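First comes the structure, then the notes that go with it.
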There are 4 protein chains.
Amino acid sequence: MKKLNIAGIFPPIATPFANGRVAHDRLKENLDRWNKTHLAGYAVFGSNGESVYLEQEEKLALVDTVKQNLPQGKLLIAGTGCESTEATVRLTNLAAERGAHAALIVNPHFYKAKMDNAALKRHYLTVADQADIPILIYNVPKFTGVNISPEVVASVAEHPNITGIKDSSGNIAQVGEMIATTPPGFHVLAGSAGHLLTALALGASGGILALANVAPDECCRIFEDFRGGRHAEARELQLKLLGANKAVTAQFGVAGLKAALDMVGYFGGDPRPPLLPLGEEQRNELREILKRANLI
Amino acid sequence: MKKLNIAGIFPPIATPFANGRVAHDRLKENLDRWNKTHLAGYAVFGSNGESVYLEQEEKLALVDTVKQNLPQGKLLIAGTGCESTEATVRLTNLAAERGAHAALIVNPHFYKAKMDNAALKRHYLTVADQADIPILIYNVPKFTGVNISPEVVASVAEHPNITGIKDSSGNIAQVGEMIATTPPGFHVLAGSAGHLLTALALGASGGILALANVAPDECCRIFEDFRGGRHAEARELQLKLLGANKAVTAQFGVAGLKAALDMVGYFGGDPRPPLLPLGEEQRNELREILKRANLI
Amino acid sequence: MKKLNIAGIFPPIATPFANGRVAHDRLKENLDRWNKTHLAGYAVFGSNGESVYLEQEEKLALVDTVKQNLPQGKLLIAGTGCESTEATVRLTNLAAERGAHAALIVNPHFYKAKMDNAALKRHYLTVADQADIPILIYNVPKFTGVNISPEVVASVAEHPNITGIKDSSGNIAQVGEMIATTPPGFHVLAGSAGHLLTALALGASGGILALANVAPDECCRIFEDFRGGRHAEARELQLKLLGANKAVTAQFGVAGLKAALDMVGYFGGDPRPPLLPLGEEQRNELREILKRANLI
Amino acid sequence: MKKLNIAGIFPPIATPFANGRVAHDRLKENLDRWNKTHLAGYAVFGSNGESVYLEQEEKLALVDTVKQNLPQGKLLIAGTGCESTEATVRLTNLAAERGAHAALIVNPHFYKAKMDNAALKRHYLTVADQADIPILIYNVPKFTGVNISPEVVASVAEHPNITGIKDSSGNIAQVGEMIATTPPGFHVLAGSAGHLLTALALGASGGILALANVAPDECCRIFEDFRGGRHAEARELQLKLLGANKAVTAQFGVAGLKAALDMVGYFGGDPRPPLLPLGEEQRNELREILKRANLI
């Protein structure tokens with residue numbers, strides 16, 4: 001069994017809302033623009049897609065809309081991780097039925113202290129056994145308070161239905177360890193544009209990057225420059241994007257990502273409560289940061 | 001408008017499963033026993049009830065079962081907090097329809113860094129405005145990574161539909177600050193049996209305590225001894241229960257709480273995956289701890 | 001061998017500086033005032049005494065000054081904990097020579113992750129064996145990032161030269177566990193006025209409290225009201241002091257403690273760099289907080 | 001004024017002890033071997049040199065020994081950061097008198113919460129103004145609990161006497177930000193072999209690496225392969241060393257570093273208490289890890 005090849009740059013797309021409901025027309029407009037770039041596909045309802053604020057039917061409708069607007073050759077990844085193992089399998093297979101190619105499964109995390117190596121290993125193996133599509137582990141300690149160890153990743157990486165991991169820990173040595181201790185064909189993907197180039201330098205196959213919503217061309221260019229051996233160009237662009245990347249992630253969060261989308265010509269809109277939209281002063285600061293990165 | 005009086009001891013009841021499904025008959029048996037104690041009521045699908053592993057219909061069915069077995073004068077509190085404000089209101093009002101007297105609303109927490117004072121304040125005021133039953137704030141940083149500040153609590157405590165807070169932070173000075181800065185009639189409840197007596201000494205009105213699943217009489221006795229001015233007795237019992245309380249919370253978690261239920265004659269059973277049940281060695285250690293606390 | 005009885009309220013006294021040097025005359029003035037209160041003694045160069053900014057000779061000179069101004073019956077405790085076991089023994093015995101009655105030994109902490117149970121146990125037993133005066137363990141995770149477990153405390157509590165522990169963790173259940181699992185005669189002391197009353201309610205023998213620098217009478221009154229069975233009075237005063245205590249500890253730190261000393265009529269002065277003194281706005285806020293607590 | 005050029009690989013050398021005293025003869029033997037490698041110099045009494053366990057005279061004697069055995073062209077960096085600003089200046093200038101070329105100044109950290117941007121900025125500017133040799137900022141949150149922000153680094157980087165920073169945070173995006181926002185000639189150095197290659201890929205000028213004690217040739221080879229454009233070789237070696245690097249840092253700490261020195265033919269010995277030496281089982285595990293990395 002050959003693993004699904006997940007390489008290149010994917011945005012975990014923001015979920016557009018109008019009057020509190022998912023705005024599928026706006027999403028379609030965004031997709032029309034993103035489709036003109038070199039993005040390798042889309043991750044829907046990941047953590048930047050406000051997954052935790054979406055009902056199951058809303059999630060599946062998002063799969064439908066992206067699927068209907070997905071060019072040949074691009075991949076559709078659905079963020080189907082839930083707290084319970086059973087619910088994760090169920091949602092994964094519903095997304096598969098609607099056409100998702102792969103599932104991004106966040107570490108279960110409410111009972112953080114009990115999500116030890118044994119619990120995470122059982123979880124991922126069970127999901128992988130029962131899922132109808134390949135799965136990617138999703139490690140994002142800043143949101144979950146849980147970090148999956150390279151030892152667990154190595155121990156499940158041979159499973160034919162576990163195709164890789166998105167690591168957003170920001171711990172680049174850990175990314176390297178995951179690459180060093182998993183078999184060829186297991187894909188380690190950067191989880192933030194802040195460490196895209198460095199993850200590639202260690203052997204990552206791409207990235208699932210919030211910033212790729214706003215700066216798809218630039219993110220793809222780092223990937224392509226690196227692959228093409230144009231290290232100086234890749235480095236220069238990586239350094240230039242760091243401030244913008246921080247702005248749409250740690251600094252301003254999902255509300256900042258959506259405001260940035262609005263500023264660069266996509267539809268962003270407001271996040272769902274309890275997330276607050278940016279205030280005017282924050283928007284001004286964000287605009288300056290995007291200008292400095294040549295994104296507007 | 002007079003606030004709902006929430007005083008005394010409540011267990012956040014464990015959710016019994018058999019073959020992976022909610023075992024309502026087992027829950028009824030547990031309730032029959034708990035009903036013979038001085039417990040002031042029950043909290044269903046709180047964090048010890050594996051709320052994050054339950055589907056909406058399972059939650060509402062739990063409300064039904066407890067309601068049908070609820071003696072006059074005891075309160076039914078439902079753990080209806082969700083990540084989104086809108087979903088929280090919706091689930092709260094569904095639980096209200098089925099007979100819940102109050103709702104326990106955990107801090108939204110996935111986007112931890114953005115759950116600042118302004119976001120939490122808006123969340124709780126919105127939910128309180130739209131909820132058909134009184135709400136209790138639920139602060140449990142060990143699971144959520146979010147701590148609500150006493151300042152926010154004070155700023156929303158006058159809302160007629162916010163009746164109090166369950167604080168499980170373990171930060172007793174913070175519990176005191178919440179008592180000192182909120183109006184009379186706002187109920188501050190201990191969130192762990194580990195600080196029950198000390199919270200009472202500062203003016204708390206009771207506690208919602210995992211340990212009260214296993215040791216309802218003992219927890220009620222601390223409350224009653226304290227109220228009756230029997231400080232030495234209350235202190236002695238409080239100290240004796242600390243080890244058992246730690247065992248069924250931080251040390252062994254929900255799986256430990258359920259194993260302890262089995263050991264003291266209730267039905268506990270296994271938690272849902274990804275939580276692992278206790279191994280044999282852990283069970284032996286737990287049994288010794290319960291014996292030392294005179295619970296078996 | 002009977003353990004030294006450490007009961008009542010002790011301030012970990014601020015170290016006054018003038019032109020960057022220790023101002024022994026100012027310290028003497030402060031001591032003259034403190035000596036008129038019911039304080040049970042003084043802790044010199046604890047964490048509130050800017051121990052980490054003092055040279056060894058400065059520390060020993062502080063012992064001298066306090067010793068010369070120490071009324072009969074009051075205790076002098078010196079904060080002699082260092083990172084290395086050997087240096088801790090050496091400084092402890094130098095302080096003992098100069099007249100200190102007991103030593104407060106902070107957990108070594110630079111190599112946090114390696115300060116496990118075995119390392120801490122060996123450290124405290126070695127120091128206790130070699131120290132010429134009784135030692136108190138000092139647990140202050142907010143500064144050290146290390147928490148000593150109740151298990152280690154219980155395992156060393158029988159040592160005749162380990163007289164007790166100051167616990168500043170703020171984890172009141174842990175304070176209770178330490179009381180419950182150590183022999184009578186082992187003194188558990190509150191490490192912050194924020195949990196003074198609650199620690200007493202569990203059996204603590206007193207407190208070493210930053211706030212006792214500024215509000216010695218009030219801190220002593222909580223202790224005496226509690227001992228005298230005047231629970232309502234103790235509770236009322238405890239609640240009133242919480243804001244002021246937070247101001248001179250977590251909120252404004254040592255600089256705030258010193259500014260508060262100036263405001264209530266003692267000498268405070270500025271901390272040593274790199275600590276910054278309070279700005280004007282912070283001073284105004286602090287003054288309001290002290291007023292609300294009836295301290296000015 | 002041209003800044004001191006700090007490039008290449010430096011080990012923060014372990015301090016050898018025999019019978020509890022610094023073993024200068026053993027240190028000389030180690031230096032004789034290290035001197036045959038391409039190491040650019042040595043950092044003495046950094047965090048891996050058990051700085052916190054050394055007396056001032058021991059530190060200065062270490063400067064002497066290294067200086068006397070230092071080949072022309074290699075740099076001697078002394079870890080002279082103390083908690084107080086004044087003590088830092090004093091020790092820095094004593095080390096300068098004894099021949100140190102530069103000083104590595106760890107963030108002051110006992111009062112973590114107060115080491116904000118303003119306090120750190122004042123500290124570093126004051127030290128830089130008064131130091132007789134160039135200084136390197138040293139950021140090591142795992143030991144200090146303090147992270148210096150890229151904003152502070154950028155704000156002091158123009159100071160002619162601040163020559164760079166050693167960043168051991170492991171946050172590679174932050175390393176990149178420091179490179180992107182400081183002027184050319186400001187040296188950003190990797191603080192761990194775990195992110196050496198990736199830091200170089202972003203523009204770092206070298207590294208001060210615990211692993212370089214044990215594997216100086218390998219660490220230098222990564223640096224030279226990278227500089228020479230041999231990316232594949234650099235990557236392969238970087239991945240191979242990750243496990244060994246983790247073993248002598250996070251996993252086994254200073255005791256592990258010293259045990260590894262013994263295993264590869266240098267003198268390591270035991271750390272000072274309270275650090276515990278490795279047990280037999282840990283030594284066996286360490287030996288296997290070093291074998292897998294081809295270091296023995």
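Labels below follow one simple rule: chain letters A, B, ... track the order of the sequence lines, proteins then strands, and each chain is numbered from 1. Computed from a predicted model, the values in this text were never measured in an experiment.
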Contact class of [X] relative to chain C, heavy atoms under 4.5 angstrom:
| X | value |
| --- | --- |
| Gln56(D) | neither |
| Ser47(D) | both |
| Ala119(D) | both |
| Ala255(D) | neither |

| Per-residue contact mode, Pro273(C) against chain D (heavy atom under 4.5 angstrom) | both
| note | Honestly, the part of Val254(C) sitting under 4.5 Å from a heavy atom of chain D is side chain
| With under 30° as parallel and over 60° as perpendicular, where do the rings of His109(C) and Phe110(D) fit, or are they tilted in between? | tilted
| Beyond-backbone contact of Tyr124(D) with Ile148(D), side-chain heavy atoms, under 4.5 angstrom | yes
| task | With the side chain counted from C-beta on, respond yes when Ile13(D) and Asn48(D) share a heavy-atom pair under 4.5 Å apart, and no when they do not. | result | no
Is the closest side-chain donor-acceptor distance between [X] and [Y] under 3.5 Å?
| X | Y | answer |
| --- | --- | --- |
| Asn245(C) | Ser192(C) | yes |
| Gln174(D) | Asp167(D) | yes |
| Gln251(D) | Gln282(D) | no |

| remark: Residue from Glu55(D), His123(D), Lys114(D) scoring the most non-hydrogen pairs under 4.5 Å with chain C is Lys114(D)
| field | Options Met115(C), Arg272(C), Arg122(C), ranked by heavy-atom pairs under 4.5 Å with chain D, top entry | value | Arg122(C)
